[in-house]
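First up is the structure itself, then whatever we jot down about it.
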Amino acid sequence: MKIFSIVGARPQFIKLAPLSAALAAGKHQEFIVHTGQHYDYAMSEKIFIDLGIRKPDIHLEVGAGNQTVQITEMMLKLEAAMLEKKPDLVIVFGDTNSTLAGALIAAKQNIPIVHIEAGLRSFNRTMPEEINRITTDHLAQYLFAPTQTAVNNLTKEGCADITYFTGDIMVDTMKDNLAIALEKSTIISDLGLQDTNFNLLTLHRHYNVDDAGIMEHILTQLGSLGEEIIFPVHPRTKKMLPASFTVPSHIRMIEPQGYLDFIALEHACKRIISDSGGIQKEAYILRKPCITLRSETEWVETVAEQWNLLINPADKEIASKIAAFKVPEVQHNVFGEHVTQKMVDIINNIK
Ligand code: UD1
Ligand code: UDP
C-alpha cells in the first residue's frame with residue numbers, strides 16, 4: 001500500500017518515529033508528509049534527528065497562522081499532494097490542526113483513514129484539540145485507542161466496530177530511546193543539575209499562556225514553591241510572556257529541548273509540572289509525580305491512579321498543593337506494550 005503519514009507538530013513526530021520505522025521494514029511505501037505547523041529547528045528538525053526519522057518526503061511549509069488560515073492552507077496543499085500521489089491509506093496522529101486537515105481531505109477523497117490516539121475526550125469544547133479529535137474520529141475507518149477510557153468513549157459514540165485497543169505508541173518511543181538518551185545526553189551536567197532535586201516545567205495550552213494574567217499567576221505561584229524549576233519554553237509561551245514580567249529567580253528558562261535531552265530531564269527530575277498531553281503520559285511511564293495545570297485531562301487513568309494531580313491554573317494555592325502531593329507505590333500498565341507491532345499488524349490486514 002501507498003501510505004501517507006501526516007504530521008506537523010512536535011508530539012506527532014514523536015508518535016510517528018516507531019511506526020515509520022516499522023512501516024519501513026515492511027512492504028508498504030510510506031510518504032512522511034509534514035504540514036509545517038511546527039517549523040523552528042528545536043520543535044521540528046531536531047526531533048527528527050534525535051529519533052532517526054528520515055526527512056519528510058513531502059513538506060507543505062504551512063507555518064503559523066490563525067486556525068482558519070492554517071487549516072485551509074493545509075487542506076489545499078494536502079489535496080494537491082493526495083491527488084498527485086494517490087495514497088491507499090492516510091494515517092493521522094493526535095488532535096492538532098494538521099490532524100484535522102489530513103482527515104478532512106482524505107475523507108473527501110474517499111481514502112481510508114487510521115487515527116492514532118483516537119477516542120480521547122476532555123469534554124471541553126473550548127479546546128481546539130477537542131474539536132479536531134472528535135471530527136477526526138468520526139471521519140476515520142480505523143480508530144487506534146491508547147487507553148480503555150478512549151475505547152469506552154468511542155463505544156459510547158457508536159464507533160465500537162472500528163475501534164482497536166492498541167495502547168499508546170509513545171510507550172514505544174520512550175522504550176526505544178530512554179537508554180540512548182541516558183547514554184548520550186549531557187543536558188544534566190550542561191545545566192549543572194547533577195546534585196539538584198529539580199522540577200521540570202512546560203506550559204503551552206492557550207488558556208494558560210495566551211492570557212498574561214494567568215501565566216504570571218502560574219509562574220508567581222511556582223516561584224513561591226522555593227525549589228529549582230527547569231522550564232523549556234514552548235515558542236507560543238515565549239511569544240506571550242510579557243516583557244514587563246520578572247520571572248521568579250528559581251525558574252530557569254531554557255530553549256525547547258530535543259527529545260533525548262528532554263526525556264533525560266524527565267528521568268532525572270523530582271517532579272513534572274505541565275499542561276502537555278504527552279508529558280503527562282511520560283511522567284507516568286517514568287514514575288514521576290505529575291502536576292497538570294488544567295481543570296480536566298484526557299489521561300484520566302493517571303489521575304485515578306494518583307500519579308497525576310490536576311490543579312486549576314487559577315487556583316490560589318498551586319504551590320502548597322504541589323508541595324503536599326504524594327504518589328503511591330503501585331502503578332498499572334495503563335498505556336500497554338508492543339503497541340507499534342499491534343498497529344502494524346492491523347495495517348497489514350487492510351485490503
Ligand atoms: C499545537 C497543537 C497542540 C499541541 C501543540 C504541541 C493545535 C490546535 N494545537 O499547539 O494540540 O499540544 O502543538 O506543542 O494544533 N510557533 C513558533 N515556532 C514553531 C511553532 C509555533 O514560533 O515552530 C509559535 C507561532 O507563533 C504559533 C504559535 O507558536 O502561532 C502556536 O503554534 P501552533 O502550532 O498554532 O499551536 P501550539 O500552541 O504549538
Ligand atoms: N518534548 C521535547 N522537548 C521539550 C518539551 C517536550 O522533546 O522541550 C517532548 C516530550 O518528551 C513529549 C512531547 O514533546 O514527548 C510533548 O509535546 P507537547 O507538550 O509539545 O505537546 P502535547 O503532547 O501537549 O500535544
Side-chain angles (χ1 to χ4, degrees), residues 3 5-28 30 32 34 44 46-54 56 89 91-96 99 114-120 140 142-151 163-185 257-267 272 276-288 290 298-299 301-302 305 307 331-350:
I3 299 177
S5 294
I6 300 178
V7 290
R10 175 170 66 188
Q12 295 172 320
F13 314 142
I14 292 163
K15 291 162 201 166
L16 170 72
L19 186 72
S20 189
L23 289 174
K27 59 190 173 175
H28 304 292
E30 185 207 25
I32 297 177
H34 189 323
S44 177
K46 172 68 174 147
I47 308 287
F48 274 70
I49 293 169
D50 272 14
L51 292 173
I53 312 170
R54 69 172 187 279
L89 185 72
I91 303 178
V92 293
F93 302 77
D95 52 21
T96 73
T99 317
V114 169
H115 184 202
I116 292 184
E117 213 176 80
L120 295 181
Y142 301 90
L143 300 175
F144 289 180
T147 59
Q148 184 59 51
T149 303
V151 173
T163 295
Y164 301 82
F165 187 12
T166 54
D168 197 300
I169 197 159
M170 287 178 71
V171 167
D172 286 348
T173 317
M174 178 64 78
K175 177 174 63 58
D176 295 345
N177 290 285
L178 184 60
I180 299 171
L182 297 182
E183 193 194 319
K184 272 195 181 172
S185 171
Q257 298 296 302
Y259 182 75
L260 297 178
D261 286 337
F262 191 76
I263 64 173
L265 284 166
E266 287 182 318
H267 183 266
I272 295 177
S276 157
I279 293 170
Q280 290 174 64
K281 293 183 271 183
E282 289 170 348
Y284 183 86
I285 294 165
L286 293 170
R287 295 181 65 89
K288 297 293 170 178
C290 182
E298 302 78 21
W299 305 104
E301 285 84 352
T302 59
E305 298 238 327
W307 280 81
Q331 275 197 343
H332 297 97
N333 187 359
V334 299
F335 296 119
E337 54 195 359
H338 309 304
V339 178
T340 311
Q341 193 52 53
K342 286 178 195 156
M343 292 179 171
V344 170
D345 288 346
I346 298 163
I347 291 169
N348 285 342
N349 277 319
I350 295 175

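Below, each value reflects all heavy atoms present in this structure, side chains not excepted, and no hydrogens, waters or symmetry copies. Residue numbers start at 1 and run along the sequence shown. Remember, predicted model here, so these are calculated numbers, not experimental data.
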Between [atom1] on residue [X] and [atom2] on residue [Y], distance to nearest 0.5 Å:
X    : Y    : atom1 : atom2 : answer
N177 : S185 : CG    : OG    : 12.0 Å
N348 : M343 : CG    : CE    : 13.5 Å
T147 : E301 : OG1   : CD    : 4.0 Å
I32  : F13  : CD1   : CZ    : 10.5 Å
Q341 : L19  : CD    : CG    : 10.5 Å
F93  : L16  : CZ    : CG    : 4.5 Å

Which atom names give the shortest non-hydrogen contact between [X] and [Y], and what distance separates them?
X    : Y    : answer
V344 : A22  : CG2-CB, 3.6 Å
S20  : E30  : OG-OE1, 2.7 Å
A283 : C290 : CB-CB, 3.7 Å
P146 : F165 : O-CE1, 3.8 Å

Output all residues satisfying salt bridge (Lys or Arg N to Asp or Glu O under 4.0 Å) with [X], sequence neighbours left out; order by chain, then residue number.
X    : value
K15  : E117
E266 : none
E298 : R133, R294
K342 : none

Could you check if a side-chain atom of [X] sits within less than 4.5 angstrom of a side-chain atom of [Y], using non-hydrogen atoms only?
X    : Y    : value
F262 : I279 : yes
R287 : W307 : yes
V171 : K281 : no
I3   : I347 : yes
Y142 : I91  : no
L120 : D95  : no
T302 : F335 : yes
D168 : V339 : no

By side-chain hydrogen bond (donor to acceptor under 3.5 Å, both in side chains), T340 pairs with (sequence neighbours left out) D172
With side-chain contact (heavy atoms from CB on, under 4.5 Å) as the test, would you mind laying out the steps for T173 and I263 before giving the verdict? CA-CA 11 Å; T173 317; I263 64 173; over 6 Å; no
For E305 and Y284, does a side-chain donor sit closer than 3.5 Å to a side-chain acceptor? yes
Taking it one step at a time, do Q12 and T99 satisfy side-chain contact (heavy atoms from CB on, under 4.5 Å)?
CA-CA 9 Å; Q12 295 172 320; T99 317; 2.9 Å; yes
### Query
Under the 3.5 angstrom rule, does the side chain of H115 hit a backbone N or O of G94 as a donor-acceptor pair?
yes
With sequence neighbours left out, the residues meeting side chain to side chain contact (heavy atoms under 4.5 Å, CB included) with H267 are L178, L182, L286
Q.
Can you classify the ring geometry of F48 versus H34 as parallel (below 30°), tilted (30 to 60°) or perpendicular (above 60°)?
A. parallel
